Amino acid sequence: MATTVLEGIIAYPVTPFSRTDGGPDLARLAELIDRLVGSGCHAIAPLGSTGESAYLDDREWYDTAEASVAAVAGRVPTVVGIADLTTRSAVRRARYAEQAGADVVMVLPLSYWKLDEREITRHYQEIAGAIGIPLMVYNNPATAGVDLSPELLHRLVDRVENITMVKESSGDIQRMHRLVQLSDGALPFYNGSNPLALEAFAAGAAGWCTAAPCVIPELTLELYRAVRAGEPDAARRVFYRQLPVLQFLLGGGLPTTVKAGLALHGLDVGEPRHPLLPLDGPGTKRLAELLAEAAMAG
């Protein structure tokens with residue numbers, strides 16, 4: 001199995017949509033990814049919830065995955081998100097991501113029926129067994145309808161060779177502490193809850209998976225630099241400087257708010273796909289104010 005070490009700021013691009021035909025705007029996606037890599041982000045993770053993966057048909061998903069990997073062009077690792085109701089489709093997408101050149105797949109379990117541990121384990125075993133690149137298990141019960149306990153996450157890593165890392169997005173810092181306890185600090189885990197970024201790094205997170213670099217790349221990277229440099233006071237200052245923006249992005253729905261923020265920064269990535277709607281006028285005005293305040297606070 002190929003090995004990939006992920007650390008730092010793992011940036012989540014939105015999927016731009018054309019204002020003419022409504023399809024993925026792959027040229028604008030490449031422009032956004034180039035911005036993220038150029039800003040210093042340590043990895044790029046397309047086709048997550050921020051990338052509206054659930055709203056893409058198969059052909060759009062394949063095209064977006066391939067275009068994303070091509071745009072990154074090996075400058076940093078590419079982590080392609082996989083989420084599907086069926087194991088069969090998840091396997092198919094994971095294989096395609098690997099063939100396209102992805103370094104890692106990040107797998108979020110989706111469910112209509114409640115899955116037990118046996119079913120969850122089998123789902124991951126089949127996906128991991130179909131590819132030769134690392135797999136990151138992604139826990140986000142708010143969007144997936146499946147909650148993976150720290151104990152189950154640890155067992156999956158222990159039982160399945162390709163599973164080498166975990167993204168924890170439940171918003172519960174105690175789960176990160178538990179992952180450290182269960183693995184004696186050996187399991188790389190990543191924070192997916194923006195408001196927990198400071199606490200997660202203090203708990204030992206190897207990285208922060210976030211769409212925030214689309215609109216405030218300097219601040220997210222500055223936080224990571226302060227953490228790595230062992231400067232807790234500086235880390236707290238830069239975290240609280242960006243926290244109002246992080247809270248707004250999350251509270252308004254990431255595809256909606258991030259696309260509005262990119263437009264404010266001069267990059268038109270189109271509107272989110274229905275049933276999502278664009279950020280309204282008052283929301284856009286408030287986001288502009290928050291971005292200006294965060295920039296001036298430095």
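Numbers for residues simply follow the sequence, beginning at 1. Computed from a prediction, not measured in an experiment: that's the story for all the values here. Atom set for the values below is all heavy atoms of this structure, side chains included, hydrogens, waters and symmetry mates excluded.
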(Q) With salt bridge (Lys or Arg N to Asp or Glu O under 4.0 Å) as the rule and sequence neighbours excluded, what pairs involving residues 128-153 come up? (A) Asp147-Arg175, Glu151-Arg178

Q | Sequence neighbours excluded, every pair satisfying salt bridge (Lys or Arg N to Asp or Glu O under 4.0 Å) that has a member inside residues 185-197 | A | none

Q | Nearest non-hydrogen partners of Gly192 and Ser169, listed with the distance | A | CA-OG, 3.2 Å

Q. Applying the 4.5 Å side-chain criterion to the ILVMFWY set and letting contacts propagate, would Phe248 and Leu219 be lumped into a single cluster?
A. yes

Q) Excluding sequence neighbours, so at least two apart, what forms salt bridge (Lys or Arg N to Asp or Glu O under 4.0 Å) with Asp63? A) Arg59

**Q.** salt bridge (Lys or Arg N to Asp or Glu O under 4.0 Å) contacts in which one or both residues fall within residues 124-133, not counting sequence neighbours
**A.** Arg122-Glu126

**Q.** Thr121 side chain vs Arg118 backbone, donor-acceptor pair below 3.5 Å
**A.** no

Residues 281-291 side chain polar contacts: donor-acceptor under 3.5 Å, at least two apart:
unit_1, atom_1, unit_2, atom_2, d
Thr284, OG1, Asp280, O, 2.9
Arg286, NH1, Glu289, OE1, 3.2

Which side-chain N or O atoms in residues 68-86 pair as donor and acceptor under 3.5 Å with protein atoms at least two apart or in another chain?
unit_1, atom_1, unit_2, atom_2, d
Ser68, OG, Thr64, O, 2.7
Arg75, NE, Val72, O, 3.0
Arg75, NH1, Asp34, OD1, 2.8
Arg75, NH2, Asp34, OD1, 3.1
Arg75, NH2, Ala71, O, 2.8
Asp84, OD1, Thr86, N, 3.1
Asp84, OD1, Thr86, OG1, 3.3
Thr86, OG1, Ser89, N, 3.1
Thr86, OG1, Ser89, OG, 3.1

**Q.** Phe17 vs Leu56, side chain to side chain contact (heavy atoms under 4.5 Å, CB included): CA-CA, chis, key distance, verdict
**A.** CA-CA 11 Å; Phe17 293 122; Leu56 302 179; 3.7 Å; yes

Q: For Ile10 and Lys167, run side chain to side chain contact (heavy atoms under 4.5 Å, CB included): C-alpha distance rounded to whole Å, both residues' side-chain angles, the deciding distance at 0.1 Å, then the answer.
A: CA-CA 11 Å; Ile10 302 168; Lys167 177 184 173 186; over 6 Å; no

Q: Kindly say whether Ile131 contributes a backbone atom to a donor-acceptor pair with the side chain of Glu98 at under 3.5 angstrom?
A: no

Q: If a pair satisfies salt bridge (Lys or Arg N to Asp or Glu O under 4.0 Å) and one of its residues is in residues 182-202, list it, with sequence neighbours excluded.
A: none

Q. How would you list, by chain and number, every residue that makes a ring-ring contact (aromatic ring centres under 6.0 Å, His included) with Tyr55, sequence neighbours excluded?
A. none

**Q.** Donor-acceptor under 3.5 Å (Asn162 side chain, Gly129 main chain)
**A.** no

Q. Going hydrophobic residue to hydrophobic residue with side-chain gaps under 4.5 angstrom, can you get from Tyr124 over to Leu179?
A. yes

Q | Contacts of Asp233 that satisfy salt bridge (Lys or Arg N to Asp or Glu O under 4.0 Å) - sequence neighbours left out | A | Arg236

Residues 250-269, side-chain donor-acceptor partners within the protein, below 3.5 Å, at least two apart:
unit_1, atom_1, unit_2, atom_2, d
Thr256, OG1, Leu277, O, 3.1
Thr257, OG1, Leu249, O, 2.9
Thr257, OG1, Gly253, O, 3.0
Lys259, NZ, Thr15, O, 2.9
Lys259, NZ, Glu52, OE2, 2.7
Lys259, NZ, Glu271, O, 3.3
His265, NE2, Val215, O, 2.9
Asp268, OD1, Arg19, NE, 3.2
Asp268, OD1, Arg19, NH2, 3.1
Asp268, OD1, Gly270, N, 2.9
Asp268, OD2, Arg19, NE, 2.9

Q. Honestly curious: do Val146 and Val91 fall in one hydrophobic cluster under the side-chain, below-4.5 Å linking rule?
A. yes

Q) Would you say the side-chain atoms of Glu168 pair up with the backbone N or O of Phe189, donor to acceptor, closer than 3.5 Å? A) no

(Q) Between Asn139 and Leu148 (side chain of the first, backbone of the second, donor and acceptor by atom type, cut-off under 3.5 Å), is there such a pair? (A) yes

Q: Give the minimum heavy-atom separation between Pro13 and Cys214, together with the two atoms involved.
A: CA-SG, 4.1 Å

(Q) Among residues at least two apart in sequence or on other chains, which ones pass ring-ring contact (aromatic ring centres under 6.0 Å, His included) with Phe201? (A) Tyr224

Q.
Treating His42 as the side-chain partner and Ile9 as the backbone partner, does any N or O pair qualify as donor plus acceptor under 3.5 Å?
A. yes

Q) Who pairs with Glu31 by salt bridge (Lys or Arg N to Asp or Glu O under 4.0 Å), at least two apart in sequence or on another chain? A) Arg28

